[in-house]
Amino acid sequence: MQQANGRPADAKLGPPPPFVLPLLDSTSEEMPVYSPQEIEKKWQAHWKTHQTFKAYNHSSKPKYYVLDMFPYPSGAGLHVGHPLGYIASDIVARYQRLQGRNVLHPMGFDSFGLPAEQYAIQTGQHPAVTTEQNIETYIRQLQQLGFSYDWSREVRTSDPQYYKWTQWIFLQLFNSWYNLDTDRAEHIRTLQEKFAASGSAGVRAAGEAEDRHDFSAGQWQLMGEKQKLAAILPYRLAYQQDTYVNWCAGLGTVLSNDEVKDGLSERGGYPVERRLMPQWNLRITAYADRLLQGLNTLDWPDAVKEMQRNWIGKSIGAEVTFPVQGHAGADIKVYTTRVDTIYGATFLVLAPEHELVDTLTAPGQRAAVDEYIAATKRRSERDRMSDVKHVSGVFTGAYAANPVDGAPVPIWLADYVLAGYGTGAVMAVPSGDQRDYLFAQHFDLPIPAISDAQKDLDQQADPTKEGRYINSGIVNGMGYKEATATLIAFLEEKALGKGKVNFRLRDAIFGRQRYWGEPIPVYYKDGTAYGVAEADLPLVLPEIDEYKPTEHGEPPLGRATDWKYRGQHEFELSTMPGWAGSSWYYLRYMDPENADRFVGEEAEKYWGQVDLYMGGAEHATGHLLYSRFWYLFLKDLGLVTGTEPFQKLINQGMILGVSEKILRLGHVLPASTSEAATNETKAILDAPFTKLKFSSMELPLELPTKNVFVSQDISDRFRSTPGVSEGTLTALHVDISQVDSNKLDLNKYSASHPDLKNAVFVCAGGYWQNGSFTKFPFGGSDVFLTASDVEKMSKSKYNVVNPDVLIDKFGADALRLYEMFLGPLEQFKPWNTNGITGVGSFLKKFWRLFHPEDGALAVTDEPATPAELKTLHRVIQKVAHDIDKFSFNTSVSTFMIAVNELTALGTHKRAVLEPLTLLLSPFAPHLAEELWAELGHAPGSISEAAYPEFREEFLVEANVTYPVAINGKVRDQRQFAATATAAEIETAIRESDFLTRFGEGKAVKKVVVVPGRMVNVVV
RNA sequence: GCCGGAGUGGUGGAAUGGUAUACACGAGGGACUUAAAAUCCCUUGCCUUCACGGGCUUACGGGUUCGAGUCCCGUCUCCGGUACCA
């Protein structure tokens, strides 16, 4: 009755249970308290020695595979942002074990990569050595967080026993081609059979035809080995070709498109330029459509699926041939998605790199064209990015004929047309395409309307598909669909065009001119590439003297001495990109010891797909796409049995750091870097601030230094003060350990910056210099304030929070809970260490349910009361529901509420606490193991227990308190029996004093009763 | 521009269309203490009122509904991705 509305708070009004002593001696030393440091070390050691979390490839239980994206072991170790996803996946892994599943939860390292190599170049240390050290740090940090990984399955991509199989998969790609007739990859043998039977004409293979030549079956028979291999090479799924690449001179290597951001390398931020180089490529484009279709079957975040769709970039259109006038046989193929607008095509635009440019340029335009091409080459990718709006182009002097009506169409060049997409040429329809419109406007070309629905053509292009076509020959008066079909039929009949699907996706460049990666298992005999025999794998990375390119500009592997295949043939010198090893590691975890196969057949079949993949959204178009590609390829070869590698994907959001910055008053420096300007800069920097204008007051200050810092609260007064200080404010990062609630600790700061002796720190009421404070005449604060900013955590921003420190102080269980408690898993959120005390005291309260004042275990075998059972079963229900939704923050809240309620109820009963311990164990595993053992269970056995069963009947109350509202506004609370029907409640309300009290005398129009929830009276 | 996502107290955030602000931090007050830490208790969205109470509030403007933080339409802001893709 007291708890009619489920508020056990009432209980605290009653007398305390007899065995709870009043809070008199809470500081007494002998009281053993919750000591996470001891408990956590103990159980981590226990799990390790007993291999508690070892997964077995044979089990009668259903399997569950929880995977974390494995880390690159950087030298900086983990910060508090890194474990977020690992904690969440560990909760799921532990929860699934309680649900009776055989759980595979592995961890490993993506241990090839650029940072270790850069460090090697600087220090001469072998990257393997630093990588090994970094991995040890990572393992230590991961273990002290209490993750339930099966460490016996750990893989490292730089381990020869692992990369042996990465190389092996490469060889399978090298030995395969993609047959469009069967729509799958096949061994190169079937290609040779086709060549032998019917020559190149009998083959429909994925990929561009550029390097492929036509030959008959007879010609094939006459070819020597070298010629045959040369003919096959452009069909392979791993092939070598001169390719425009993103060359990054700063890193000395090529990068893939997803490693380039805004014209700069993602790692290091060096400029990237386009360059034509012979490269190994993987023919991912063969899988474009399957990669696209497969997305529909995946339980992934929509954002990631959408990114992959955009990256693949399927477009449905037509390829149309425009014959060039006066150049017989010179045809320009354009790709268009709007063939219906072809009568509006008033000019063609080719990419400056287009192969016909040279042929068709008229003598009179030769000089202008050459100059334009040269200018285009000079422009770096970055310039082109930052200069999108600017229209440029040049007329070639040549004309093509519009294939539908023969009208002459001038041919232009412009760098807005990309050589690598479609055919490298477009038909420009200025009335329907804004880019073409701007071009036509700029060069004064006609912009004829083609549809009666187009509007405002004097302002902008109108790409509408509505209306009827005008000025459009054979499609005049038709609608969009009819016109498109009519035109394609017309063009196909004349052999001047055909419907075509295009993809934005490019083949993946697969070589890096670097040392610390998997050697590509290829050697050259007479200039022809051969795959290394499988029996000779792994092709081990050779030792070299320095990790730099050779003098001749060859990759570092060119330094290896006597490194020849079988003692005689040169090896390929580039290594694989970072994503090679990570494209299949999840398969190796299934069977990491297998020496005969990349994964054993049975193991692969048993574990199948990854059930839950946890990782960052930054891998949306790189790793996740490449992994799917390799999986589909392996499937074509019959080596894996599923359809997709990762069924469910969760992106954990990033935890951001809160940076602290101080503002330095600086001079306005000349932008130019000329010598005169440099001298001027020096002069300015050396000059003191003679006067500091501050608000409207001019201070009588001579500041003999260039290091004048301004407190954040008064910074605005300087920003808007023209002239006097010649000042601008620049923000400098300050280590967050030197700041407390935006207050800068000047002693700490000065101690860490000996170079800033004599620096002046201006506050609202005076300034600090060398430890002493000089007041301004008008008075004010002497506190120097910083400005806070939420940014990515990184060493360079001095805002990194180290988990080790927090674990020392609060314990891993508290850190795990707190990271989950911060907010929804998938959201980006700033880190604030202060809040961790909240989960810390929650754990202590939980502990005290078992160990009240005297410290001894005080759990009783008394039967639980209805109120206690209600609390327990609400938790059972809510937490299971939350874990299914990956809503861990609300689970933590639920635990807190339950512990608050049980503390108020004075509960110390096994019947409640034992199941509650199980519920908490995925979140705070160390504490749970400790209490579980204290409750008399075998040590370490909590993960083998069964999840408590939810029983609805404990939540049912005899009475329900209804909020009663008038017109949606709650006015009163009324109690009714839980079994009362809507009609009964309505009658009771109508007959009660409710309306006289709150109804303002109005007539009741309607009474809405939602049984169990609320009542609303409409007047 | 296009594609995602998000706007709720001082802060992190909660809320199957049904009592908005749970839980936690911070802040304020109190107890214990020589003092501090730790611990415990109380208060804490905003406005108004001595008080009881009343009014307002989920970025903004409309709409649907007995009832909207939640659904629909429009606008704004922020974050992420992507872009001369024909």
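Excluded from the calculations below are hydrogen atoms, water molecules and symmetry mates; all remaining heavy atoms, backbone and side chain alike, are included. Letters A, B, ... are given to chains in the order of the sequence lines, protein chains preceding strands, and every chain is numbered from 1.
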Completion exercise
As its Watson-Crick or G-U partner within any shown strand, both distances under 3.5 Å, B:rG67 has none
Exercise for the section: Calculate the interatomic distance between A:Gln877 atom CD and B:rU16 atom C1'; express it in whole Å. Expected result: 11 Å
Completion exercise
Quick note, A:Leu418 side chain, CB onward, closest among B:rC85, B:rC25, B:rA14 is B:rC85
Handout entry: Nucleotide paired to B:rU39 in any strand shown, Watson-Crick or G-U, under 3.5 Å
Key = B:rA31
Completion exercise
Out of B:rU19, B:rC40, B:rG26, minimum distance to the side chain of A:Thr837 belongs to B:rG26
Problem - Sidechain N-carboxylate O distance under 4.0 Å for A:Glu957, A:Lys870 - result: yes
Problem - Minimum-distance nucleotide to A:Val1018 side chain [options: B:rC66, B:rG54, B:rG18] - result: B:rC66
Fill in the blank from the handout: Closest of B:rG4, B:rU82, B:rA86 to the A:Trp311 side chain is B:rU82
Handout entry: Counter-base of B:rA83, judged by Watson-Crick or G-U geometry with both distances under 3.5 Å
Key = none
Problem - Charged tip of A:Lys314 within 45° of A:Phe503 ring normal and under 6.0 Å - result: no
Handout entry: Nearest-nucleotide pick for A:Asn889, side chain only, options being B:rA22, B:rA14, B:rU19
Key = B:rA14
Completion exercise
Rounded to whole Å, the CZ-P distance (A:Phe810 to B:rA37) equals 15 Å
Exercise for the section: If B:rU11 has a Watson-Crick or G-U wobble mate with both distances under 3.5 Å, name it; if not, just say none. Expected result: B:rA24
Practice task
Tell me whether the OP1 or OP2 atom of B:rG13 has a side-chain N or O from A:Gln827 closer than 4.0 Å.
Solution key: yes
Practice task
Please tell me which of the listed nucleotides, B:rG18, B:rU82, B:rG55, lies nearest to the side chain of A:Arg504?
Solution key: B:rU82
Problem - Side chain of A:Lys845 (C-beta onward), nearest among B:rA86, B:rG55, B:rC40 - result: B:rC40
Handout entry: Charged N-O contact under 4.0 Å between A:Lys797 and A:Glu660
Key = no
Practice task
Quickly work out the A:Phe828 CZ to B:rG81 P distance and round it to whole Å.
Solution key: 8 Å
Practice task
Look at the side chain of A:Arg848 and decide which nucleotide, out of B:rC40, B:rA83, B:rU16, has an atom nearest to it.
Solution key: B:rC40
Handout entry: A:Asn1016 side-chain proximity, nearest of B:rA14, B:rC66, B:rA86
Key = B:rC66
Practice task
Give a yes/no on whether any side-chain N or O of A:Lys969 is located under 4.0 angstrom from OP1 or OP2 of B:rC56.
Solution key: yes
Problem - Pair partner, B:rC50 [Watson-Crick or wobble, under 3.5 Å] - result: none
Exercise for the section: Quick one: look up who B:rA6 pairs with, Watson-Crick or G-U, both distances under 3.5 Å, and put none if it's unpaired. Expected result: B:rU77
Problem - salt_bridge(A:Lys333, A:Asp331) N-O dist < 4.0 Å - result: no
Exercise for the section: Answer yes or no: does a side-chain N or O of A:Asn900 lie under 4.0 Å from OP1 or OP2 of B:rA24? Expected result: yes
Practice task
Could you tell me whether the phosphate oxygens of B:rG81, OP1 or OP2, come under 4.0 Å of any side-chain nitrogen or oxygen in A:Arg309?
Solution key: no
Handout entry: Under 3.5 Å side-chain donor-acceptor pair for A:Thr833 and A:Tyr818
Key = no
Handout entry: Phosphate-side-chain proximity, A:Asn832 and B:rC25, N/O vs OP1/OP2 below 4.0 Å
Key = no
Exercise for the section: Syn or anti for B:rG80, please, going by whether the chi angle lies within 90° of 0. Expected result: anti
Handout entry: Proximal nucleotide (of B:rC23, B:rC25, B:rA86) relative to the A:Ile897 side chain
Key = B:rC23
Problem - Rounded C1' spacing from B:rC47 to B:rG4 in Å - result: 39 Å
Handout entry: Below 4.0 Å: OP1/OP2 of B:rG13 and any side-chain N or O of A:Lys829
Key = no
Problem - Side-chain N or O of A:Tyr416 closer than 4.0 Å to phosphate OP1/OP2 of B:rA86 - result: no
Problem - Any donor-acceptor N/O pair, A:Arg974 side chain to A:Ile989 backbone, under 3.5 Å - result: no
Exercise for the section: Say whether A:Ser315 and A:Tyr421, considering side chains only, have a donor N or O and an acceptor N or O under 3.5 Å apart. Expected result: yes
Handout entry: Pairing nucleotide - B:rG17, Watson-Crick or G-U, each distance under 3.5 Å
Key = none
